[in-house]
Amino acid sequence: MSADPWEAATGVPAVERSFYETQFTGSSLVVALTNPDADAVEQVRRVALSLDRARAHLVLVVDGHLPPGGWASALPAEPLVLAAPAGPIDVGWAADLWMAVGVSPVVVVVETDPGTATTVAGRVAASLRALKLVLTDPDGGWGEPPRSFADVQQPAKGFAQDLASRQGGQVVPAIEEALAGGVTSVNLCRAGDLDAELFTFDGTGTLFTSGGYIRLDRLRAVDLPEVLQLVEQGTADGLLRPRSTEEVARLAVTGLGARVLGSDQLAGIVSLEVDRYRAEAMGEVACLYAVSRFSGAGAGGLLIDGLVERAAADGLKAVFAVTVSAAAAGFFTRKGFREVEQSELPDVKWDGYDDTRRSLARAFLRSTADSF
């Protein structure tokens with residue numbers, strides 16, 4: 001049983017909730033909810049409590065339906081309530097909204113035109129320039145199973161056509177209006193999945209962005225606690241081998257991070273281990289781990305591209321990777337690596353290597369002169 005009572009009660013791992021609470025700190029999030037049942041209200045309560053811990057602002061856009069006891073019973077603080085404008089948001093109403101968010105951690109916006117909560121939420125999120133908009137829908141995210149990530153700048157992938165009929169045609173325009181208005185991302189999920197969608201690495205629905213969602217950056221000393229946390233998660237997932245704090249710190253010094261836009265949160269990490277292989281002019285891909293939610297956003301690919309580019313600039317002739325994961329093996333193949341015999345890697349790689357793990361390990365090699 002989990003030692004963390006909040007984790008035990010919600011089923012969301014504490015490390016994952018902490019990751020997102022840090023990402024959301026000081027931000028505003030808009031959530032659209034219609035005709036809430038008891039499960040949806042409980043989800044809102046969990047989300048509101050986590051956002052309160054993150055000192056973030058929750059704006060809940062709802063229809064006229066109230067849960068038993070009203071919204072105050074489901075929220076950590078008495079909310080300010082505003083009636084939504086019947087049409088587009090004007091400067092005066094937007095100013096009222098901004099002031100409400102400034103004085104209350106929770107604001108409830110009630111639609112005045114029945115059946116338009118999703119449309120209103122898109123406008124509200126754009127007006128606030130919120131970090132995130134969450135649209136709830138009984139059918140959940142886009143696709144079956146839902147795709148974890150979608151870029152609205154790639155319409156050829158078909159999300160607009162597939163979602164065109166959702167909620168009478170409200171979903172796609174709301175997504176597009178919010179992103180065009182400066183919102184960093186839009187989530188589409190079931191109301192009963194709100195907590196898991198916002199506070200777990202895997203999520204449950206689809207995360208929409210406009211253009212890239214992550215950027216590549218060198219790791220900093222202040223990142224070490226988060227790097228250690230990600231390595232621990234990667235080890236628990238069976239993707240990384242166990243490493244001491246000192247080993248991780250050494251790798252972090254030469255490491256790269258994929259950071260979530262709008263925050264300094266790390267969506268993934270990788271390091272280039274060179275010292276042991278300098279004589280062969282080779283480097284090893286070490287500690288490659290991308291938070292699953294952001295793998296669809298290209299975090300892993302971005303990290304590898306940056307690492308190979310750095311290796312070439314440092315005069316290395318090749319980089320190699322060793323993995324026991326079939327998924328990671330497929331990833332390396334897609335990124336231009338070829339599978340080789342273990343004997344083609346530097347002998348020093350296998351010094352002190354666990355025999356059981358080596359029997360399962362697959363080796364991949366990529367020339368820095370190759371292009372993708």
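- Of the possible donor and acceptor atoms, none in the side chain of R362 sits under 3.5 Å from a partner among the backbone N and O of A326.
- Hydrophobic clustering places V248 together with Y289 (ILVMFWY residues linked when any side-chain heavy atoms are closer than 4.5 Å, directly or through intermediates).
- The shortest side-chain heavy-atom distance between R310 and R218 falls under the 4.5 Å cut-off.
- Aromatic ring centroids of F331 and F364 lie 6.0 Å or more apart.
- Between L266 and R259 the shortest side-chain heavy-atom distance falls below 4.5 Å.
- E111 places a side-chain N or O within 3.5 Å of a backbone atom of A117 that can act as its donor or acceptor partner.
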Could you go through the side chain to side chain contact (heavy atoms under 4.5 Å, CB included) check for T209 and T184 one step at a time? CA-CA 7 Å; T209 67; T184 302; 6.0 Å; no
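- Proximity of a side-chain donor or acceptor of E16 to a complementary backbone N or O of A196 within less than 3.5 Å is not detected.
- Put simply, the residue from D63, V62, V44 that forms a side chain to side chain contact (heavy atoms under 4.5 Å, CB included) with P36 is D63.
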Requested in this report: Show your working on side chain to side chain contact (heavy atoms under 4.5 Å, CB included) between V124 and V59 and close with a plain yes or no.
Outcome: CA-CA 9 Å; V124 165; V59 178; 3.9 Å; yes
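- One N or O on the side chain of S244 and one on the backbone of E247 form a donor-acceptor pair closer than 3.5 Å.
- The hydrophobic cluster containing V322 also includes Y277, M282, F320, V340, L345, V348, W350, Y353, L365, under a criterion of side-chain heavy atoms closer than 4.5 Å among ILVMFWY residues, counted directly or through chains of members.
- One hydrophobic cluster holds both V61 and L82 under the rule that ILVMFWY side chains link at heavy-atom gaps under 4.5 Å.
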(request) Given side chain to side chain contact (heavy atoms under 4.5 Å, CB included), test E7 with V12 step by step and report yes or no. (result) CA-CA 5 Å; E7 178 178 330; V12 173; over 6 Å; no
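- With hydrogens and angles ignored, the 3.5 Å screen pairs no side-chain donor or acceptor of R338 with any backbone N or O of G336.
- Between R243 and L251 there is a side-chain heavy-atom pair separated by less than 4.5 Å.
- Using modelled atom types, no side-chain atom of Q23 and backbone atom of Q265 make a donor-acceptor pair closer than 3.5 Å.
- Inter-residue side-chain proximity for E226 and T22 is flagged as unmet; no heavy-atom pair is nearer than 4.5 Å.
- Using cut-offs of 30° and 60° on the angle between ring planes, the pair F208 and F159 is tilted.
- Without hydrogens or angle criteria, W93 side chain to P88 main chain gives no donor-acceptor distance under 3.5 Å.
- In E232, the CD atom is not crowded: 12 or fewer heavy atoms of neighbouring residues, nucleotides or ligands sit closer than 6.0 Å.
- For the residue pair R166 and T118, no side-chain donor N or O sits within less than 3.5 Å of a side-chain acceptor on the partner.
- By the 4.5 Å heavy-atom criterion applied to side chains, Q233 and L239 are not counted as neighbours.
- Note on V106 and M99: separate hydrophobic clusters, where clusters join Ile, Leu, Val, Met, Phe, Trp and Tyr whose side-chain heavy atoms are under 4.5 Å apart, directly or indirectly.
- Using a cut-off of 4.0 Å between Lys/Arg side-chain N and Asp/Glu carboxylate O, R250 and E246 are scored as not salt-bridged.
- Annotation for V324: hydrophobic cluster partners, listed by chain and number, are L360 (ILVMFWY side-chain heavy atoms under 4.5 Å, direct or chained).
- Looking at Q342, its side chain does come within 3.5 Å of a backbone N or O of R358 through a donor-acceptor pair.
- In terms of modelled atom types and a separation under 3.5 Å, the side chain of T368 and the main chain of L316 share a donor-acceptor contact.
- No path of Ile, Leu, Val, Met, Phe, Trp and Tyr side chains, each step under 4.5 Å between heavy atoms, connects L49 with V41, placing them in separate hydrophobic clusters.
- Counting heavy-atom neighbours within 6.0 Å of R357 CZ, excluding the residue itself, gives a total above 12.
- Both V120 and V101 are assigned to one and the same hydrophobic cluster, defined by single-linkage of ILVMFWY side chains at heavy-atom distances under 4.5 Å.
- For the pair T119 (side chain) and Q170 (backbone), a donor-acceptor distance under 3.5 Å is absent.
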### Query
Yes or no on side chain to side chain contact (heavy atoms under 4.5 Å, CB included) for W142 and V171, after CA distance, side-chain angles and deciding distance?
CA-CA 11 Å; W142 169 39; V171 169; over 6 Å; no
